[in-house]
There are 2 protein chains.
Amino acid sequence: MPTPKLEDVARHAGVSKTTVSRVLNNRGYLSQKTIDNVNLAISELGYHPNIVARQLLKTKTNLIGILLPTISDPFFGELASLLEKKLYKKGYKVIIGNSTNDASKEIDYLNQLLSKQVDGLIVGTHNQNIAEYRQQNLPIVAIDRIINDDIPIIESDNYKGGVLATERLIDQGAKNIVHTNVSQKESPMQKRRLGYESVMEANNLDGKTYIIDFDIPITKKLDLLDQIFEENPNIDAIFAGNDTDAAFAMQVAQTRGLSIPNDLLIIGYDGTELIRNVLPQLTTIIQPLDNMTDLAVDILEARMSGKQTKKEYIHPITIWEGTTDKPDYNLN
Amino acid sequence: MPTPKLEDVARHAGVSKTTVSRVLNNRGYLSQKTIDNVNLAISELGYHPNIVARQLLKTKTNLIGILLPTISDPFFGELASLLEKKLYKKGYKVIIGNSTNDASKEIDYLNQLLSKQVDGLIVGTHNQNIAEYRQQNLPIVAIDRIINDDIPIIESDNYKGGVLATERLIDQGAKNIVHTNVSQKESPMQKRRLGYESVMEANNLDGKTYIIDFDIPITKKLDLLDQIFEENPNIDAIFAGNDTDAAFAMQVAQTRGLSIPNDLLIIGYDGTELIRNVLPQLTTIIQPLDNMTDLAVDILEARMSGKQTKKEYIHPITIWEGTTDKPDYNLN
DNA sequence: TTGTACGCGTTATCAC
DNA sequence: GTGATAACGCGTACAA
């Protein structure tokens with residue numbers, strides 16, 4: 001027998017569909033006897049209401065899309081995890097996609113939104129120039145990503161983070177500092193680079209930024225990092241655009257016989273809970289993910305209920321004081 | 001104006017709803033002129049088909065639920081990431097939930113399945129005795145988890161992994177080896193413990209297993225690990241039930257002044273890509289996640305199309321040869 | 001080659 | 001208190 005529907009329950013209980021629906025939703029006036037009757041029929045048949053039919057009528061799915069470049073990286077993993085928990089508490093479930101460098105996949109997810117499958121979307125991907133975003137009245141919130149003027153951005157104080165990291169390295173005597181960042185020009189992550197460049201310039205130092213995108217294979221990342229050392233024999237510090245890069249750089253440096261922090265200083269960015277505990281020696285800029293995700297959910301809800309919001313929300317960063325940026329560490 | 005529907009497009013193009021539907025789905029015979037006409041109307045109105053209405057008609061959502069204890073841990077992050085990629089290629093999108101120790105949340109997700117919101121479910125959580133699983137004909141696949149006799153399990157060769165790790169530690173001279181595992185008695189992860197215990201017994205050694213569940217806060221995990229050292233002053237090796245435990249144990253040990261591998265040997269379990277690159281020195285048992293997720297998707301599809309499957313699929317493990325289990329490492 | 005009419009499972013409206 | 005009926009937006013026999 002196929003899954004029972006409302007009508008089957010109604011027939012079984014000897015009432016109308018309306019009555020069953022009322023029992024299901026606690027609406028209207030019903031005699032206790034009827035209620036008991038219907039509930040009995042429901043459990044006897046093992047009936048479960050069909051969510052999809054409800055969604056069609058309500059034009060609301062209680063589903064939120066989350067689109068990230070990857071979810072296996074600790075930063076995005078923690079981001080996704082926090083968002084899911086917070087959205088769940090508000091009654092939403094989450095459709096997640098890692099769009100790994102795949103613009104067509106991102107477009108596909110966007111079409112779902114436009115097709116009323118999700119009530120809202122949180123984007124943290126980095127593909128550019130996707131026409132589908134040029135729609136109206138879409139409840140979207142971006143994390144660390146610029147989409148267009150209408151879509152609010154949640155981010156950490158990337159510029160200040162870049163400044164802080166670079167200053168610390170210079171304070172420790174570093175002169176040949178290399179930075180890693182992503183290729184997407186319109187990402188707020190570029191502000192990390194701007195902070196780095198402005199401090200370098202103020203100190204009359206030449207800066208050099210290498211591109212390491214999120215969604216490339218790890219082996220490729222290691223190759224790129226190795227190349228940095230190859231091309232910069234005098235390198236004495238790295239300000240990595242994220243902690244994964246920083247951690248990989250530590251490994252590559254050690255493979256090449258460089259000792260950290262004596263031969264090479266390293267500072268990362270993100271400061272996820274995982275990295276802080278697995279690699280506590282890594283000095284890094286902490287993004288306040290808890291606050292950022294709280295806000296992302298709030299702003300999304302505001303947009304979904306048609307409220308206006310600000311365009312940009314910048315969160316203060318803090319620093320995790322490890323030892324990878326202190327060459328005198330071993331002397332203590 | 002509200003979002004346009006099929007009927008609006010039809011009126012705009014001067015044809016019937018059926019014709020528009022045909023154009024949308026490339027079905028039946030249509031004149032090129034009509035096709036162009038309809039497509040023009042579609043783009044002029046900015047029409048997008050309503051997925052929910054389609055789902056109702058087809059009684060299929062192309063949505064798969066994935067239920068994991070957490071997604072911020074690298075193992076589950078990579079698992080979720082791989083599953084999402086592979087399901088996407090087959091035309092499915094993914095609803096993800098981390099059920100962090102919350103049985104009611106797990107039940108809630110199960111009800112979604114029963115409510116026809118998803119076509120299938122992949123479970124890797126560890127909550128027990130959930131009655132909702134006792135349903136019939138649910139397309140479910142479990143990863144590293146025993147649910148009931150009807151639901152197939154995908155797992156690595158946990159027993160052999162436990163044996164292998166313990167033997168290696170004993171070969172290096174360890175005698176006081178502590179193991180960590182989860183509290184869920186019916187998890188296949190217990191086979192890691194059984195492997196460990198059988199080898200310990202065969203060598204006339206006393207084993208001791210500590211419980212560290214996946215979904216407790218990191219600070220709590222660190223406390224539990226610290227307690228292990230407190231209660232076992234003679235400890236000379238740890239076989240951690242997963243790599244996160246292993247990595248944290250390394251940190252706690254170092255904080256207590258223990259040097260690895262000279263004072264303490266460590267072997268982990270999982271061997272995710274991230275940990276292999278961030279902490280390559282950690283010797284660990286590698287689960288073939290790529291194969292396991294391939295199979296999980298295949299088996300789920302088989303179940304969804306009503307085919308019978310085996311009850312258990314065990315994948316061979318390999319070892320990542322780091323240096324944390326080789327006390328003579330520094331002598332080389 | 002195109003159109004009509006019905007059904008997917010639920011809830012809202014109005015009547016009794 | 002309860003029931004009949006329409007409506008949500010789409011796809012598909014069947015007819016033309």
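Note that the structure is a prediction, hence the values are computed from the model and not measured. Letters A, B, ... mirror the listed sequences (proteins, then strands); counts begin at 1.
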**Q.** Rounded distance in Å - CG (A/Asp8) to C1' (C/dC8)
**A.** 13 Å
**Q.** For A/Ala80 against A/Leu68, the heavy-atom pair lying closest together
**A.** CB-CD1, 3.9 Å
Q.
If I take atom NZ in residue B/Lys60 and atom P in nucleotide D/dT12, what distance separates them, rounded to the nearest angstrom?
A. 14 Å
Q: Could you encode protein contacts along nucleotides 9-16 of chain C as a string, one character per nucleotide from 5' to 3', using B for base contact, S for sugar-phosphate-only contact and - for no contact, with a heavy-atom cut-off of under 4.0 Å?
A: BBBBBB--
Q.
Taking only side-chain N and O atoms of A/Thr34, does any of them lie within less than 4.0 angstrom of OP1 or OP2 on D/dG1?
A. no
Q: Write down the distance between CD (B/Gln55) and C1' (D/dC8), rounded to a whole number of angstrom.
A: 14 Å
Q: For B/Val52, answer base if it contacts any base atom (sugar-phosphate contacts may also be present), sugar-phosphate if it contacts only those atoms, and nothing otherwise; contact means non-hydrogen atoms under 4.0 Å.
A: nothing
Q) Could you state the interatomic distance from CZ (B/Phe214) to CZ (B/Phe75), rounded to the nearest 0.5 Å? A) 7.0 Å
Q. Hey, are B/Asp108 and B/Lys105 close enough for a salt bridge, meaning a charged N less than 4.0 Å from a carboxylate O?
A. no
Q | B/Asn26 CG - C/dT2 P separation (whole Å) | A | 14 Å
Q | Donor-acceptor pair between B/Thr70 and B/Asn98 side chains, under 3.5 angstrom | A | no
Q: Give a yes/no on whether any side-chain N or O of B/Thr19 is located under 4.0 angstrom from OP1 or OP2 of C/dT1.
A: no
Q | Exercise: do A/Thr19 and A/Ser16 side chains pair donor with acceptor under 3.5 Å | A | yes
Q.
Minimum heavy-atom separation for A/Ala296 and A/Leu83, please, with both atom names.
A. CB-CD2, 4.2 Å
Q. For the helix from C/dT1-D/dA16 to C/dC16-D/dG1, what angle lies between the axis at the first five pairs and the axis at the last five pairs, to 10 degrees?
A. 40°
Q) Roughly, in whole Å, what's the span from CD in B/Gln32 to P in C/dT2? A) 11 Å
Q | Under-4.0 Å salt bridge between B/Asp8 and B/Arg11 | A | yes
Q.
Closer than 3.5 angstrom, by distance alone: can the side chain of B/Lys86 be matched with the main-chain N or O of B/Asp290 as a donor-acceptor pair?
A. yes
Q. Closest heavy-atom contact between A/Leu300 and A/Leu121?
A. CD1-O, 3.7 Å
Q: Round to a whole Å and report the spacing from NZ of B/Lys33 to C1' of C/dT2.
A: 13 Å
